[in-house]
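Heavy atoms only: backbone and side chains are in, while hydrogens, waters and symmetry mates are out.
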Amino acid sequence: MTHQLLPSRRRALQLSAGLGATFLLTPAFAAASKRKLVVIVCRGAMDGLSVMPPVGDANYAALRGAIAIPADQALKLDGDFALHPKLTAIYDMVKAGQARLAPAVAIPQRIRSHFEAQDLLESGGQQLYGTTTGWLNRALSAGGQSITALSVGAQEPMILRGPTPIQSWSPGGRMTDDLGRVATILQDLYKTDPLLGPAFASGLQTEATANALNGGQPFEGRDVRTFAVTAAKFLTADGGPSVAVLSADGFDTHANQGAANGQLAIRLKTLDDVVGGLQHGLGPSWNDTVVLVVTEFGRTARINGTGGTDHGTASTMILAGGALKRGGIVGDWPTLQQAKLFEDRDLAPTLDVRQVFKGVLMDHLGVGRRALEDTVFPGSAGATGISNLVA
């Protein structure tokens, strides 16, 4: 007689990952707020000088060489700046007064390690490893608020780690008949388990919601815009979250970076499709939404010997959404003059990324100033939040 062993708790959680939803131990979605916030983390250090080429800076073309974005191909913003030609949806938002850019933003410490810089960007601390939770998780309950959040992706990002429960969805899986039967068996088996019972129920509910929002279709092999549209619909669904976090990888362009076309251009086209998909999926709720596109640091001002760029300091931050106030660039432009480069190699920062985060949290989600400085971004009193970014 063959005995089939029941799965252990660890194995059960591993099996659940194949269902297409990331099974976090969280409650169901809480009531949705009218105002929405989406944070997109571009991992690998996105080259801000290509995102927003300073075509009017006399030193730009010489420093960049073959990777400089030609002025006649760039999407002109004014006499000083343009957008990368692949960022067409974001360009339309700029023209409509629904997108702004901060050209020289950085984390509070000068770090060139991806892992460490991402930790500082997402923890919101004043110094590396100063806190083990994410600033956005802390903001969810700051000042007595009750804001719900969605993590989109296979792993929970640092920015959302903390005591406040979040919902999570990982697109890409397919609910086959076999997996469906396994899920049903495990859900029944562990329905009285205080740990696994809520995990399976929440995960199955999330996957069912995702498929329903996508017209009953699974997400395997579907395009990035469809993915973004569906992620947006989570935010507008009855009882959906108010905040979402997405990650985009592949921005570490040490070699063969390209200019108007090439390796980086492909990544930027994907980013543009995501932001455009969010706008489409949110529909009327776009007018109540702010999208923040951030990265851990920028890249060197000069092209390197392999047609790429190395780890730098300041980068470009993109703000989009119908809730933004119309305006020009956010922060100051340090120029690319030799004497102005940071450590003779990088675009110098003129803005602490936490200043933008604070301004949006305060004016858009109503997080109080004291909570921002004491809880959300401890030790950040010197980084004054930028007001009037949000209508």
I'd like to know if the side chain of [X] reaches the main chain of [Y], judged simply by a donor and an acceptor atom lying under 3.5 Å from each other, with no hydrogens or angles considered.
X	Y	value
Ser168	Ser151	yes
Gln263	Ala255	yes
Arg100	Gly328	yes
Arg161	Thr133	no
Gln73	Pro70	no
Gln355	Gly385	no
Lys36	Val243	no
Thr295	Cys42	yes
Arg267	Gly250	yes
Glu122	Gly134	no

Is the closest basic N to carboxylate O distance between Asp223 and Arg225 below 4.0 Å?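 Salt bridge between Asp223 and Arg225, a charged N being under 4.0 Å from a carboxylate O: no.
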Less than 4.0 Å between a side-chain N and a carboxylate O, is that true for Glu343 and Arg112?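 Between Glu343 and Arg112 there is a salt bridge, with a charged N closer than 4.0 Å to a carboxylate O.
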Single-linkage hydrophobic cluster [X]~[Y], side-chain heavy atoms < 4.5 angstrom:
X	Y	result
Tyr60	Ile329	yes
Val229	Val224	no
Leu121	Met158	no
Leu324	Ile386	yes
Ile67	Leu75	no

Might you work through the side chain to side chain contact (heavy atoms under 4.5 Å, CB included) test for Val274 and Ile40, ending with a clear yes or no? CA-CA 9 Å; Val274 169; Ile40 303 174; 3.9 Å; yes
What heavy-atom pair brings [X] and [Y] nearest, and what distance separates the two atoms?
X	Y	result
Ala260	Ile69	N-CD1, 3.9 Å
Leu336	Ala301	CD2-CB, 4.4 Å
Ser50	Leu264	CB-CD2, 3.5 Å
Pro241	Thr148	CA-OG1, 3.1 Å
Met362	Leu372	CB-CD1, 3.8 Å
Leu37	Leu365	CD2-CD1, 3.9 Å

Residues in side chain to side chain donor-acceptor pair (under 3.5 Å) contact with Arg369, at least two apart in sequence or another chain: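 None.
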For Ser247, which residues count as a side chain to side chain donor-acceptor pair (under 3.5 Å) partner, sequence neighbours excluded?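 Per chain and number, Ser247 pairs via side chain to side chain donor-acceptor pair (under 3.5 Å) with Arg43.
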The test is side chain to side chain contact (heavy atoms under 4.5 Å, CB included); show your working for Arg302 and Leu63 and say whether it passes. CA-CA 5 Å; Arg302 295 182 186 88; Leu63 284 168; 3.3 Å; yes
Do any side-chain atoms of residues 86-93 form donor-acceptor pairs under 3.5 angstrom with protein atoms, and if so which ones, sequence neighbours left out?
from: Lys86; atom 1: NZ; to: Asn261; atom 2: OD1; distance (Å): 3.3
from: Thr88; atom 1: OG1; to: Asp272; atom 2: OD2; distance (Å): 3.4
from: Tyr91; atom 1: OH; to: Lys76; atom 2: O; distance (Å): 2.9

Run the side-chain donor-acceptor check on residues 279-292: report pairs under 3.5 Å with partners two or more places apart or on a different chain.
from: Trp286; atom 1: NE1; to: Gln98; atom 2: OE1; distance (Å): 2.8
from: Thr289; atom 1: OG1; to: Ser285; atom 2: O; distance (Å): 2.7

Residue pairs passing the side-chain hydrogen bond (donor to acceptor under 3.5 Å, both in side chains) test where at least one lies in residues 305-324, sequence neighbours excluded: His114-His311, Asp252-His311, His254-Asp310, His254-His311, Gln257-Thr309, Arg299-Thr309, Asn304-Thr306, Asn304-Asp310, Thr313-Asp346
Could you measure the distance from the CD1 atom of Ile147 to the CD1 atom of Ile166? Nearest 0.5 Å is fine. 14.0 Å
Apply the test salt bridge (charged side-chain N to carboxylate O under 4.0 Å, His left out) to residues Asp47 and Arg64: give CA-CA distance (whole Å), side-chain angles for both, the deciding distance (0.1 Å), then the verdict. CA-CA 11 Å; Asp47 179 28; Arg64 295 255 115 179; 2.4 Å; yes
Which residues satisfy the ring-ring contact (aromatic ring centres under 6.0 Å, His included) test with Phe377, sequence neighbours excluded? Trp135
Decide if atom CZ of Phe115 counts as having more than 12 heavy atoms of other residues, nucleotides or ligands within a radius under 6.0 Å. no
Evaluate Leu120 against Gln109 for side chain to side chain contact (heavy atoms under 4.5 Å, CB included), listing each step before the verdict. CA-CA 8 Å; Leu120 195 60; Gln109 288 191 3; 3.7 Å; yes
